[in-house]
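Each ligand, and each atom within it, is numbered from 1 in the order the structure gives.
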Amino acid sequence: MNGIIQRLDYLKQLGISAIWLSPVYRSPNDDNGYDISDYEQIMAEFGTMEDMEQLIQEAEKREIKIIMDLVVNHTSDEHPWFVESRSSKDNPYRDFYVWRKGIDKDTPPNDLESTFLGSAWQLDETTDDYYLHLFSQKQPDLNWENPAVRNAIYDMMNFWINKGIGGFRMDVIDLVGKIPDKKITGNGPKLHDYLQEMNAQTFGGKDLLTVGETWGATPEIAKLYSDPKRNELSMVFQFEHVALDEEPGKSKWDLRPLQIAELKQVFSKWQTELGDQGWNSLFWNNHDLPRIVSRWGNDRNYRVQSAKMLAILLHMLKGTPYIYQGEEIGMTNRVIQDIKEVEDIESKNMYADRIEKGYTKVEILTSINTKGRDNARTPMQWADIENAGFTTGTPWLAVNDNYPEINVANALADKNSIFYTYQKLIELRKTSPLIVWGSFELLTNTADEVFAYYRHYQGTSWLIVCNFSDQKQAFSLDQTSTETIIANTEKDYSKLSDRTLEPYEAFVVHLSSFKG
Ligand code: GLC
């Protein structure tokens, strides 16, 4: 907490309006804080409630809001509610969780699987019933059908709202309407009723931001969450683009190269189909995803160029952008050589499962180095000093070896750094209604690797052109521009015909007059 307070001026300089904190509540840390044992206490490693209150106030002084992670699909098995719940069948907290009889002592109620592999049901010896855990065994699922559970959650949310936070990021919120007996997990029938109830009892009518993590959302479903008339959430995180480099129908670990044509198609769909009814988030990264410059950019020969291209492409779209710590300085994945270096429960479980299934270590480590969640979770790189300036103690994950080069101090000292591209993009978004409200139109007559689109707003048109490859690409458009809004080169863009784009070149121009 105090570390973040020390860095608020840096974040102010970057220009952001809010900080989404991954869970900072008390937790035994089976899943990096996503297993909460007390929603109204701060994890000791992070500080105290006084530190938290100070963070909220100090951020507020800089016009930055604090968004809390709301993890209410499940708690930790060490949460007092679960400790009570498992103690006997007639405990008042029994129905706070999802308990079922097994088919027999060795056979769970059905074959629902946990996201972290294995059965989603765990036998509890005390009462000989099974409890549901859609994530780890230490993350029992709350029973949202019980109004007492929902009310306890709303009370907790109001506790945080009263502390002056700016909103909630809602962890796997699309699972809370589950009907485990019918094997329905995502998008259950009562999901939207619950969210409307939550809205009415907590943040509704207040100036708070709410964003739901909704893995199963289509544009139609996203409108249900985010149409202001429905009084649910401000926006969603949807993940369709994130799955494009995995084998269809398999898991995130089954890799295939990204096809830019598919990325264009998915982004265009979301840009157009939400219309005026829904609102989307824009992101490349978060604590669950690998670093984008290593994933879809090129972190060896074109780190700076490709990181800037990715930033420009994303920030010119319609929606609310989210930047993950270190993305603004082009931090990269950290390559591991051995499973012993891994902290993340998801990667560890997958490793054990695939070793048993006969995959080679090399194959599995390739998947982890490409997609594992620890890639993004290494300490933030502040400077070329011990532990990159993140801590004087021992960090929970090793610092990336490239910290002497890639760090905030270097980024701030170099006026051409990735940081200043992000800063400019954030500023543009705050000053240009076209970026916020303009319509989107994809250019279709380009090379596959060139991702180009228009934004149109009240008679003004901008053109965004991004070379999404490490090769030169041809680009030609029979139009002229009056102004370069932002670019990752020093070139002149007044004429747009017969151009050669350098690897990862990106630019945004104001068109003289749009010829549609
Ligand atoms: C979300 C979080 C992830 C966590 C999971 C279970 O997907 O982003 O980090 O492991 O939910 O809470």
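For Phe46, there are no ring-ring contact (aromatic ring centres under 6.0 Å, His included) partners, not counting sequence neighbours. Scored by the salt bridge (charged side-chain N to carboxylate O under 4.0 Å, His left out) test, Lys138 finds Asp77, Glu78 as partners (sequence neighbours excluded). A search for side-chain hydrogen bond (donor to acceptor under 3.5 Å, both in side chains) contacts involving Trp160 returns nothing, not counting sequence neighbours.
Stacking of Lys163 on the aromatic ring of Phe159 is recorded, both the 6.0 Å distance cut-off and the 45° axial limit being met. Geometrically, Arg100 does not engage Tyr130 in a cation-pi contact defined by less than 6.0 Å to the ring centre and at most 45° from the axis.
Between Trp20 and Tyr322, the angle of the ring planes goes over 60°, which puts this pair in the perpendicular group of the 30/60° scheme.
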What does the contact table look like for ligand 1 (nitrogen or oxygen on each side, cut-off under 3.5 Å)?
{"from": "ligand 1", "atom 1": "7 (O)", "to": "Glu213", "atom 2": "OE1", "distance (Å)": "3.2"}
{"from": "ligand 1", "atom 1": "7 (O)", "to": "Glu213", "atom 2": "OE2", "distance (Å)": "2.9"}
{"from": "ligand 1", "atom 1": "8 (O)", "to": "Arg169", "atom 2": "NH2", "distance (Å)": "3.0"}
{"from": "ligand 1", "atom 1": "8 (O)", "to": "His287", "atom 2": "NE2", "distance (Å)": "2.8"}
{"from": "ligand 1", "atom 1": "8 (O)", "to": "Asp288", "atom 2": "OD2", "distance (Å)": "2.5"}
{"from": "ligand 1", "atom 1": "9 (O)", "to": "His287", "atom 2": "NE2", "distance (Å)": "3.0"}
{"from": "ligand 1", "atom 1": "9 (O)", "to": "Asp288", "atom 2": "OD1", "distance (Å)": "2.7"}
{"from": "ligand 1", "atom 1": "9 (O)", "to": "Asp288", "atom 2": "OD2", "distance (Å)": "3.4"}
{"from": "ligand 1", "atom 1": "9 (O)", "to": "Arg373", "atom 2": "NH1", "distance (Å)": "3.2"}
{"from": "ligand 1", "atom 1": "10 (O)", "to": "Asp31", "atom 2": "OD1", "distance (Å)": "3.3"}
{"from": "ligand 1", "atom 1": "10 (O)", "to": "Asp31", "atom 2": "OD2", "distance (Å)": "2.6"}
{"from": "ligand 1", "atom 1": "10 (O)", "to": "Arg373", "atom 2": "NH1", "distance (Å)": "2.9"}
{"from": "ligand 1", "atom 1": "11 (O)", "to": "Asp171", "atom 2": "OD1", "distance (Å)": "2.9"}
{"from": "ligand 1", "atom 1": "11 (O)", "to": "Asp171", "atom 2": "OD2", "distance (Å)": "3.1"}
{"from": "ligand 1", "atom 1": "12 (O)", "to": "His74", "atom 2": "NE2", "distance (Å)": "2.9"}
{"from": "ligand 1", "atom 1": "12 (O)", "to": "Asp171", "atom 2": "OD2", "distance (Å)": "2.8"}

